[in-house]
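Presented below is the structure to which this report refers.
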Amino acid sequence: MSSIPVNPFAGKTGVAEMEALALRVREHIIRMSTGGGCFIGASLSCTDLMVYLYSKVLRLSPGDLQNPNRDYLLLSKGHDVPALYGALAELGYIPRERLAHHLKVTDQIYWHPNRFVPGIEFHSGSLGHLLSVAMGIATDIKLRGGQNRVFVILGDGECNEGSIWEGLLVASAKKLDNLVVVIDRNEFQANIRTEELIPLEPMEPKYQAFGCKVTRINGHDFSAMDAAFARLPVETGSPTVIIADTVRGKGLPSIEKRADRWFVNFTQNEVEQLLGELHGGKANLTSETLIVR
Amino acid sequence: MTYEDALTAIAQKDPNFMVLTAENRGHMRTIPPKLGDRFIDVGIAEQTMIGMAAGLALRGRTPVCHALATFLTLRAFEFIRTDVGIPRLPVKLVGMVPGFLSDANGPTHQAIEDVAIMRGIPHMQVFCPADREELCAAMPAIVAERAPCYIRYLGNDPACEHKTPFDIGKAEVIAEGSDVTILTYGFLVREALKARAALEERGISTGLIHVRMPKPLDEAAVLKAAKQSRLLVTYEDHFLTGGLYSIVCELLVRSRTSVPVHPIALEERWFKPALLDDVLKFEKFTGEQVAIKIAGALNDNGNPE
């Protein structure tokens, strides 16, 4: 029987270290927004969550990817995979150089997650799938008496999908308290604000009514995350839902909260400007935004 | 042996074997107490069942999922294709009341495109037993395969004595014939046997192949029949599009084999809802009615009779 993995970064990463790490992940994301582009807005909104989970919460290390006692993290919304690629590269799961292969036929670093990238547990891209896959993993862990947790990151727009609500209903009925649903509440669907199209608020009562224990935090505040993730499950016998309020495009004022900066393919010059903006400069963007991928 | 006995026996040998259902318990009432927490009823939630099955399979389980065939293959299709098909996980999908067996339920319940859409998923196997005996005999081998598999559930009494043991990708050649060979699967084997008897009585040499697994297809058996017989007949309770007729024609074209193929299937329509025997008669799918159709087709294709 394998032992429970120890996260090599946990306990060594304070807020300053995580902020520095998140900055480097955001640089990776910006570098992936050219030469074909990427879903930059959603990637930047969940960067801090991803950094926090991988460097502090998950009982996981690069050497434990096959360990049956590892914590699982599944990325259901999929579009934010550049943030995951960046975190995996910065924490030693994949070589940093591999990120230069973004969208190349010679590698598997493309617009949605897939299992050929070490550290990625399951593929996604079709919304509303990985909650139930996570539930299957969580069920097996319970049957085997394991202590590991299963985290699944959902988009807020993704919660339009009926399979999310069907899944939550079943997850509560089956008392999957080793399941932690993290919702990246960046307030946007693909092309439009959630509240303009299919309003989700008030959110907490919806998940509560489905039998989950709900916490709402600022998804860019590492101290707030400490409080939310410190004690899991929040209540024995119930799935946990953590709604993380985030900003789409976080870190880059010129694209923050803009509906038309969902999928972007910038010029190399714009990438350089955005890298400057991340460190306090100002970018002047002229590229047309590619809508709908 | 009942289907429940077959599942229980597998569960006793294989600790990773699990039974899931989307609140479809009619054929497994004794299973929950026997399997304990290895039996999961997710409620009427086919998509969630399939996603969970994928997650369980990632952890080394072999889940067998049950739901009515239409809701399993159609409601949850994208979950099957995406969460089971793409990673090629060994999830087994058992569709209840497939084909004509939905009798009086009406078109919502008529799984008559299930073979077409399931075989369209890369590496998905498709198994259509002729009766309960064949289903139970095959389940251990189906479960042992590390591929996903769709199974058309059939709990009927034996259609015939099965002399050929079940083997993945192998058809059951019930008889060989020089005039015509009937290719069928599942429930209609029973009727095909009657059709064959009626044709033989008229002096027509009639072969009969039960294509237990439309995928992987027993190509050798079909090609042998194509060489031996002047006519092939595909006979299925399925839409004409994408089922056995398509499967056989694809093989014949690919192998440059020229032989007339006469399809008996549901062409661009759902069938008349009624009790099973009445459906068969109304749709002209009884063995006797089919024998008349086949004799006619043989005449059209140059039968010296």
Side-chain angles (χ1 to χ4, degrees), chain A residues 2 65-70 72 74 76 78 108 112-116 120-146 148 150-152 154 161-176 178-179 210-211 239, chain B residues 11 14-24 32 35-65 67 71-72 74-93 121-122 148:
Chain A
S2 314
L65 294 177
Q66 302 301 322
N67 188 329
N69 296 318
R70 70 187 184 278
Y72 287 74
L74 293 100
S76 192
Q108 305 278 1
H112 294 104
N114 71 90
R115 295 200 295 161
F116 293 105
I120 295 187
E121 298 282 2
F122 206 64
H123 59 284
S124 64
S126 176
L127 297 174
H129 279 245
L130 296 209
L131 173 60
S132 55
V133 174
M135 288 162 56
I137 295 170
T139 299
D140 180 69
I141 290 167
K142 280 202 162 278
L143 290 181
R144 296 181 195 276
N148 23 359
V150 186
F151 296 81
V152 56
L154 307 182
E161 294 280 6
S163 57
I164 295 297
W165 302 98
E166 178 181 300
L168 290 174
L169 205 58
V170 179
S172 295
K174 303 299 178 189
K175 304 191 187 319
L176 296 178
N178 54 351
L179 179 72
F210 276 71
Chain B
D14 179 358
N16 285 322
F17 178 73
M18 292 186 65
V19 173
L20 275 63
T21 183
E23 220 246 286
N24 198 267
L35 265 73
D37 53 16
R38 283 194 285 151
F39 168 83
I40 299 177
D41 187 341
V42 298
I44 308 164
E46 293 82 4
Q47 300 176 95
T48 295
M49 174 172 67
I50 299 303
M52 286 182 73
L56 288 164
L58 286 174
R59 292 276 300 177
R61 302 283 188 176
T62 306
V64 181
C65 302
F71 312 139
L72 179 68
L74 297 170
R75 174 68 66 94
F77 179 77
E78 197 222 5
F79 281 65
I80 295 172
R81 174 256 187 213
T82 293
D83 301 325
V84 173
I86 293 175
R88 215 194 286 190
L89 294 171
V91 172
K92 314 299 170 180
L93 309 158
I121 297 172

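Each chain gets a letter, A, B and so on, in the order its sequence line appears, and its residues count up from 1. Note that the structure is a prediction, hence the values are computed from the model and not measured.
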Assess whether atom CD1 of B:I44 is packed by more than 12 heavy atoms of other residues, nucleotides or ligands within 6.0 Å. no
What are the two closest heavy atoms between B:V91 and B:A57, and how far apart are they? CG2-CB, 4.0 Å
Kindly indicate, with the supporting measurements, whether the criterion side chain to side chain contact (heavy atoms under 4.5 Å, CB included) is fulfilled by A:V150 and A:L176. CA-CA 10 Å; A:V150 186; A:L176 296 178; over 6 Å; no
Top contributor to chain B interface from A:G136, A:A138, A:A173 [non-hydrogen pairs under 4.5 Å]: A:G136
Closest non-hydrogen atoms of A:A171 and A:L179, given as atom of the first, atom of the second and distance, are CB-CD2, 3.9 Å
Cut-off 4.5 Å, heavy atoms of chain A, and the answer for B:A53 is neither
Using only distance, no hydrogens or angles, which N or O donor-acceptor pairs sit under 3.5 Å between chain B and chain A?
from	atom 1	to	atom 2	distance (Å)
B:N16	OD1	A:R144	NH2	2.9
B:D41	O	A:K174	NZ	2.6
B:T48	N	A:E166	OE2	3.0
B:T48	OG1	A:E166	OE2	2.8
B:M52	N	A:S132	O	3.3
B:R59	O	A:R144	NH2	3.4
B:R59	NE	A:D140	OD2	2.7
B:R59	NH1	A:P68	O	2.7
B:R59	NH1	A:Y72	OH	3.1
B:R59	NH2	A:D140	OD2	3.4
B:R61	NE	A:D140	OD1	2.4
B:R61	NH2	A:D140	OD1	3.1
B:E78	OE1	A:S126	OG	3.2
B:E78	OE1	A:H129	NE2	2.7
B:E78	OE2	A:S126	OG	2.3
B:T82	O	A:H123	NE2	2.6
B:D83	OD1	A:H129	ND1	3.2
B:D83	OD2	A:H129	ND1	2.6

Euclidean distance, A:L143 CG relative to B:L56 CG, rounded to 0.5 Å: 7.5 Å
Given a strict heavy-atom distance threshold of 4.5 Å, which part of A:I141 is in contact with chain B: side chain, backbone, both, or neither? both
Quick one: closest heavy-atom pair of A:V152 and A:A134, and the distance? CB-CB, 4.1 Å
If we only count heavy atoms from C-beta on, is the B:I50 to B:C65 side-chain gap below 4.5 Å? yes
